[in-house]
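Report on one structure; see the data block that follows.
Along the sequence shown, the residues carry numbers beginning at 1. Excluded from the calculations below are hydrogen atoms, water molecules and symmetry mates; all remaining heavy atoms, backbone and side chain alike, are included.
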Amino acid sequence: MASGFEFKPGERINESALSRDLGASRTPLREALNRLVAEGFIDFRAGRGFFCRDLTPDRIVTLYQARMAIECEAVRLAADRADPAARNALYEYLEETDNEYANCDEAARLLELDETFHLRLCKLSSNTEFVRMLETIYDKIRFVRAADLRRLQSAGRTNHDRHRKILNVMAEGDPQAASDAMRAHISGRLDHATEAVRLAFADLYAPLETGT
């Protein structure tokens, strides 16, 4: 609901309608909504109710910065801790999905392929809290990342080359070089946050406009 924008950014959430649609009573629904507020997926405004979080460049930038901090430290740790078998399995994943990733024209699948690599790499750090936090951040930026990846795919720029480079440096056991490679990789997406948000808004509202 919150990460897929079934509700539009800034839209008020009608609790009565949502309760009816989900077949849930108001009490557990209110508990679930409060949990989403605590996790940063939606907002609560006193006297007005629950609202879908706004989709703004500033918010996306802060999330990408958090993503960068986690992934850079995770790959730093992985350079020392990675289980060789798990690392080799990740190399195999890149080989198996290389062609699909380069040619995939389905945004959801493209995003799945990309997230799978990054989460599996994060798991090589053996830090379960990093993995948990990264999964939450991905939930919050998934819609914007899908728009950004679709733009890269249309330009022929989706391939595993950068992923393979990060994995290679990590496998060499150089924590700083691994962290630097990850930072360079994510910085490219951070620099295009505003454009990604614009594309995401187009995905949200263009279907409505073409039907008028």
Taking it one step at a time, do F117 and T97 satisfy side chain to side chain contact (heavy atoms under 4.5 Å, CB included)? CA-CA 10 Å; F117 168 77; T97 61; over 6 Å; no

So, taking the atom named OG in S19 and the one named CG in L33, what distance separates them when rounded to the nearest 0.5 Å? 10.0 Å

Quick check: are there more than 12 heavy atoms from other residues, nucleotides or ligands sitting under 6.0 Å from CZ of R12? yes

Distance-only, no hydrogens or angles: does the T116 side chain make a donor-acceptor pair with backbone N or O of E112 under 3.5 Å? yes

Which is it for R164 and E95 under the side chain to side chain contact (heavy atoms under 4.5 Å, CB included) test, yes or no, and what are the steps along the way? CA-CA 9 Å; R164 197 171 282 108; E95 291 299 322; 3.4 Å; yes

Quick check on salt bridge (charged side-chain N to carboxylate O under 4.0 Å, His left out): which of R109, R142, R67 does E115 satisfy it with? R142

When you compare the side chain of L77 with that of F130, does any pair of heavy atoms fall below 4.5 Å? yes

To the nearest 0.5 angstrom, please state how far the CD1 atom of I60 sits from the OH atom of Y64. 7.0 Å

Compare every heavy atom of A82 with every heavy atom of M170, then report the nearest pair and how far apart it is. CE-CB, 4.0 Å

Determine the minimum heavy-atom distance between L124 and A86, stating which atoms define it. CD2-CB, 3.5 Å

Separation between CD1 of I186 and CE of M68, rounded to the nearest 0.5 Å: 5.5 Å

Under 3.5 Å, is there a donor-acceptor pair between the N168 and E172 side chains? no

Who are the side-chain contact (heavy atoms from CB on, under 4.5 Å) partners of N14, not counting sequence neighbours? S16, A17

Group every Ile, Leu, Val, Met, Phe, Trp and Tyr by side-chain heavy-atom contacts under 4.5 Å, then state whether Y91 and V169 land in the same group. no

Closest heavy-atom pair and its distance - A171, R87: CB-CD, 3.7 Å

Assess whether salt bridge (Lys or Arg N to Asp or Glu O under 4.0 Å) is satisfied between D180 and R183, documenting all intermediate values. CA-CA 5 Å; D180 290 344; R183 184 175 300 277; 5.2 Å; no

Value for CG (N34) from CG (L29), rounded to nearest 0.5 Å, stands at 9.5 Å

R59 and G40: which non-hydrogen atoms are nearest, and at how many Å? NH2-O, 3.0 Å

Side chains of T136 and F41, heavy atoms from C-beta outward: is any pair under 4.5 Å? yes

Over all heavy atoms of both residues, which pair between A66 and I137 is shortest? Give the atoms and the distance, please. CB-CD1, 3.7 Å

State the NE2-CG distance between H163 and D98, to the nearest 0.5 angstrom. 10.5 Å

Are the charged groups of E39 and K140 less than 4.0 angstrom apart, N to O? no

Do L113 and V131 share a hydrophobic cluster (ILVMFWY, side-chain heavy atoms under 4.5 Å, transitive)? no

To the nearest 0.5 angstrom, please state how far the CD atom of E11 sits from the CD1 atom of I42. 12.0 Å

Is a salt bridge present between E129 and R132, judged by a nitrogen-to-oxygen distance below 4.0 Å? yes

Give the minimum heavy-atom separation between A74 and C122, together with the two atoms involved. CB-SG, 3.8 Å

May I have the step-by-step check of side chain to side chain contact (heavy atoms under 4.5 Å, CB included) for M182 and R76, ending in yes or no? CA-CA 9 Å; M182 180 63 78; R76 179 193 294 274; over 6 Å; no

Mind running side chain to side chain contact (heavy atoms under 4.5 Å, CB included) on I13 and F51 for me, showing each step along the way? CA-CA 5 Å; I13 297 172; F51 290 77; 5.8 Å; no

